[in-house]
Amino acid sequence: MITEVEAYDGERDRACHARRGRTARNAVMYEPGGVWYVYLCYGVHEMLNLVTGPPDYPAAVLIRGIEGAPGPGRLTKALGIDRRLNGAVCAPESGLWIEDRGVRLPRGAIKATPRIGVDYAGPVWAKKPWRFVLEARQDHWPAPAARGSIE
DNA sequence: CCATCGATCGGCT
DNA sequence: GCCGATCGATGGT
């Protein structure tokens, strides 16, 4: 179960890796939505993102936490995810995909806040409420998904 | 070529 | 709360 995400939206978004246009690192962000974007952060942590935009529009959602592994660096370590997955499809054939198990969340269970660690983007972009956190109780959710998938 | 700086985390004060 | 680890991307000289 994904519990925390952040949105990064286009070259105009001064916190987005694509803010200075296409580079070797961020090229995957320009792919049609549905592929993973994985990069190394602070020389230590693998960050997992799902590319979400139309072709040539760099947008992605950073997966910042899952049940049992809070934090973007901890979740990739827990699931054994690294840059080998960069550019792969979000589907069983790549070994990592997302499933909708039909979980119904109470109204207000997802809170929007500013994104973390993007002060360098300036106040306008750093303050956008594009971080989404699931704050509901977790003890009534369905059993864990099949091996290789997250929700 | 060189310097700076991160979409973080864990350990220590 | 602070700081070091650790390294690739980025941009300037």
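Quick note on labels: first sequence line is chain A, next is B, and so on, each numbered from 1.
Remark: the A:Glu11 side chain and the A:Tyr30 side chain contain an N/O donor-acceptor pair separated by less than 3.5 Å.
Applying the salt bridge (charged side-chain N to carboxylate O under 4.0 Å, His left out) criterion to A:Arg12, with sequence neighbours excluded, gives A:Asp9.
Counting any heavy atom pair closer than 4.0 Å across all strands shown, A:Arg83 reaches sugar-phosphate atoms only and no base atom. Contact annotation for A:Arg115: no contact, since no heavy-atom pair falls under 4.0 Å across all strands. Across all strands, A:Val118 comes closer than 4.0 Å only to sugar-phosphate atoms, never to a base (heavy-atom distances).
A salt bridge links A:Lys111 with A:Glu135: the closest approach of a Lys/Arg side-chain nitrogen to an acidic carboxylate oxygen falls below 4.0 angstrom. A salt bridge does not link A:Asp13 to A:Lys128: none of the charged nitrogens lies less than 4.0 Å from a carboxylate oxygen.
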Quick test: give all pairs of protein nitrogen or oxygen and nucleotides 1-5 of chain B nitrogen or oxygen below 3.5 Å, distance rounded to 0.1 Å.
none

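Taking atom P in both C:dG4 and B:dT4, one finds a spacing of 15 Å when rounded to whole Å.
A sub-4.0 Å separation between OP1 or OP2 of C:dT10 and a side-chain N or O of A:Arg19 is absent. For the OP1/OP2 pair of B:dA7 and a distance below 4.0 Å, the side-chain nitrogens and oxygens of A:Arg131 include no atom meeting the criterion. Between C:dA9 and A:His17, no contact under 4.0 Å exists linking OP1 or OP2 to a side-chain N or O.
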Would you sketch DNA chain B in dot-bracket for me? Only Watson-Crick or G-U wobble pairs with both distances under 3.5 Å count, crossing pairs as [ ], other-strand pairs as |, the rest as dots. ||||||.|||||.
